[in-house]
Chemist: 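Mind having a look at this structure? Questions to follow.
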Amino acid sequence: MMTAARSADSGPGELDRYPCAEAPADERAPLRSWGGSNSELGRASRRSTASRGRGLHGQLVQQLGQMIVSGDLGADRPLVPEEIGQRFEVSRTVVRESLRVLEAKGLVSARPNVGTRVRPVSDWNLLDPDIIEWRAFGPQRDDQRRELAQLRWTIEPLAARLAAGHGREDIQQRLGEMIEIMGHAMGHGDGITFSRADAEFHSLLIQAAGNRMLEHLSGIVSAALHVSGGPVAGCDRPTEVSLGHHARIVEALASGDSAASEAAMRQLLVGHLDGEPVVPAPREH
């Protein structure tokens, strides 16, 4: 899942909570690629960017999910669990549990005498953070980026307006800490730490809105920050301008100025909506 808002009990300036090093590789060997020079599955597997540290189950979900979303798997025939297990050299249990995860996301359905088949896009849970990522690195990447930007334009200014009326001092303090971390990271050219602190900033802001339905959408915003790219979303190129917009949001929250908070958020998002689509490396889990 996406970065969740961390506890307000954590001390300020804890830069070690945002390590820049990649997560250690899983001790178990990665899944085999789907072999065969003429196999669609083989081509998709070689494009796959399954993350380290997921475990066999997570890796298989990642690979199959990417292949389904890209249209390289399941378009013309059912998914055969035995074939998947043999090709990826994993157990029936791993295949079965992976397909259940994909079924819960609306990507596949399993029926007696029919088998496991890929479902139409209209049935997919397009708000699922994993599907957002898979679409962002597939053929629909431009559409996904545009749709995410439009959704953020609706969600986040509203969240900023509502948050100004709640006076959550604990969250406001954490937001200030995130700005401090982003500034420190920017000064050291550390885009990864900047990005992670930025993702937490936006999750915290939605939490501060006091609207539980909006809070459930925080994963969408975090997914957008990780896959959309650009100086504002994903913070691939952090700048003093974007940092200043973050600071103005916190200042407006502290003063209880809902209109100023909403306006500052819209200014922050303008660069994202107008920027060039830059797709960074897939996020680590």
Chemist: Quick one: list whatever passes side chain to side chain donor-acceptor pair (under 3.5 Å) with Glu147, sequence neighbours left out.
Modeler: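 Expected list: Arg135.
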Chemist: Would you say that Asp198 contacts His246 through its side chain, given a criterion of any heavy-atom pair below 4.5 Å between the two side chains?
Modeler: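 Asp198 vs His246: side chains touch.
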Chemist: Counting only N and O atoms by type, is there a donor-acceptor contact under 3.5 Å from the side chain of His245 to the main-chain atoms of Ala264?
Modeler: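 Here the side-chain-to-backbone pair does not exist.
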Chemist: Of all heavy-atom pairs between Gly183 and Leu243, which one has the smallest distance, and what is that distance?
Modeler: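 Minimum heavy-atom separation between Gly183 and Leu243: CA-CD2, 3.8 Å.
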Chemist: Does a side-chain heavy-atom distance below 4.5 Å link His57 with Gln62?
Modeler: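 Sidechains of Gln62 and His57: no contact.
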Chemist: For Glu103, does the CD atom have more than 12 heavy-atom neighbours from other residues, nucleotides or ligands under 6.0 Å away?
Modeler: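 Enclosed: over 12 neighbouring heavy atoms sit under 6.0 Å from CD of Glu103.
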Chemist: Gln267 versus Arg248: any side-chain heavy-atom pair under 4.5 Å?
Modeler: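 No, too far: nothing below the 4.5 Å cut-off.
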Chemist: Run the side-chain contact (heavy atoms from CB on, under 4.5 Å) check on Trp153 and Leu148 step by step: do they pass?
Modeler: CA-CA 9 Å; Trp153 186 257; Leu148 282 171; over 6 Å; no
Chemist: Which pair of non-hydrogen atoms, one from Arg152 and one from Leu269, has the smallest distance, and what is that distance?
Modeler: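 Scanning both residues, the minimum pair turns out to be NH2-CD2, 3.4 Å.
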Chemist: Nearest 0.5 angstrom please: Trp124 CH2 to Leu107 CG, how far?
Modeler: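 Result: 6.0 Å between the selected atoms.
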Chemist: Phe194 versus Ser242: any side-chain heavy-atom pair under 4.5 Å?
Modeler: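 A side-chain contact under 4.5 Å exists here.
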Chemist: Are Asp130 and Lys105 packed together at the side-chain level, in the sense that at least one heavy-atom pair is separated by less than 4.5 angstrom?
Modeler: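 Yes. Closest side-chain heavy atoms under 4.5 Å.
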Chemist: Salt bridge between Arg146 and Asp143, side-chain N to carboxylate O under 4.0 Å?
Modeler: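 So Arg146 pairs with Asp143 through a salt bridge.
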Chemist: Please check if the side chain of Ser195 supplies one atom and the backbone of Gly191 the other of a donor-acceptor pair under 3.5 Å.
Modeler: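 The answer is no, because no donor-acceptor pair under 3.5 Å joins these two groups.
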Chemist: Quick one: closest heavy-atom pair of Ala209 and Leu214, and the distance?
Modeler: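 Looking at all heavy atoms of both residues, the closest pair is CB-CD1, 4.3 Å.
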Chemist: Mind listing the closest non-hydrogen atom pair of Leu126 and Ile132 along with its distance?
Modeler: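 Closest approach of Leu126 to Ile132: O-CG1, 3.5 Å.
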Chemist: Is the closest side-chain donor-acceptor distance between Ser255 and Asp257 under 3.5 Å?
Modeler: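 There is no such pair (donor and acceptor under 3.5 Å, judged by atom type) between the side chains of Ser255 and Asp257.
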Chemist: Might you point out which heavy atoms bring Leu99 and Pro81 nearest each other, and give the distance in Å?
Modeler: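 Answer, listing the atom of Leu99 first, then Pro81: CD1-CG, 4.0 Å.
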Chemist: Out of curiosity, Ile249 CD1 to Ser261 OG, how far, rounded to the nearest 0.5 Å?
Modeler: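 Going from the CD1 atom of Ile249 to the OG atom of Ser261 covers 6.0 Å.
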Chemist: CG/Leu225 to CD1/Ile220 distance, rounded to the nearest 0.5 angstrom?
Modeler: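 Those atoms lie 12.0 Å apart.
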Chemist: Might you work through the side-chain contact (heavy atoms from CB on, under 4.5 Å) test for Met67 and Trp134, ending with a clear yes or no?
Modeler: CA-CA 9 Å; Met67 293 153 74; Trp134 297 333; over 6 Å; no
Chemist: Report whether Met182 and Val241 are members of the same hydrophobic cluster (ILVMFWY, side-chain heavy atoms less than 4.5 Å apart, transitive linking).
Modeler: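 No, no single cluster joins them.
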Chemist: Using a cut-off of 6.0 Å, state whether more than 12 heavy atoms not belonging to Arg92 lie near its atom CZ.
Modeler: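 For Arg92, atom CZ is not crowded (no more than 12 foreign heavy atoms under 6.0 Å).
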Chemist: Is Thr193 reaching over with its side chain to a backbone N or O of Asp190, donor-acceptor style, under 3.5 angstrom?
Modeler: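 No, Thr193 side chain to Asp190 backbone: no donor-acceptor pair under 3.5 Å.
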Chemist: Quick one: closest heavy-atom pair of Thr116 and Ala110, and the distance?
Modeler: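 For Thr116 and Ala110, the tightest heavy-atom pair comes out as OG1-CB, 3.6 Å.
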Chemist: Please enumerate all residues that pass side chain to side chain donor-acceptor pair (under 3.5 Å) together with Glu97, with sequence neighbours excluded.
Modeler: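 If we apply the side chain to side chain donor-acceptor pair (under 3.5 Å) test to Glu97, skipping adjacent residues, the hits are Arg100.
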Chemist: Test Val95 against Phe88 for side-chain contact (heavy atoms from CB on, under 4.5 Å), laying out the working first.
Modeler: CA-CA 9 Å; Val95 175; Phe88 286 100; over 6 Å; no
Chemist: Report the residues that fulfil side chain to side chain donor-acceptor pair (under 3.5 Å) with Glu262, sequence neighbours left out, ordered by chain and then residue number.
Modeler: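 Listed in chain order: Arg161, Arg266.
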Chemist: Quick one: does any side-chain atom of Gln140 pair with a main-chain N or O of Val69 as donor and acceptor, under 3.5 Å?
Modeler: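 Side chain of Gln140 to backbone of Val69, a donor-acceptor pair under 3.5 Å: yes, one is there.
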Chemist: In Å and rounded to the nearest 0.5 Å, what is the OG to NE2 distance from Ser258 to His166?
Modeler: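 Between atom OG of Ser258 and atom NE2 of His166 there are 10.5 Å.
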Chemist: Rounded to the nearest 0.5 Å, how far does CG of Asp72 lie from CG of Leu64?
Modeler: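 CG of Asp72 is found 12.0 Å from CG of Leu64.
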Chemist: Take Ile206 and Leu217, measure what side-chain contact (heavy atoms from CB on, under 4.5 Å) needs, and give me the verdict at the end.
Modeler: CA-CA 8 Å; Ile206 292 177; Leu217 299 178; 5.8 Å; no
Chemist: For residues Leu127 and Leu158: do they belong to one hydrophobic cluster (side chain heavy atoms under 4.5 Å, members Ile, Leu, Val, Met, Phe, Trp, Tyr)?
Modeler: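 Yes.
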Chemist: If you measure from CG on Leu253 to CE on Met265, what distance do you get to the nearest 0.5 Å?
Modeler: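 If I round to the nearest 0.5 Å, the distance is 8.5 Å.
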Chemist: Given side chains that start at C-beta, do those of Pro139 and Ser70 come closer than 4.5 Å, heavy atoms only?
Modeler: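 Of all side-chain heavy-atom pairs linking Ser70 with Pro139, at least one is under 4.5 Å.
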Chemist: Would you please say whether a donor-acceptor pair under 3.5 Å links the side chains of Ser203 and Ser218?
Modeler: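 Side chains of Ser203 and Ser218: no pair found under 3.5 Å.
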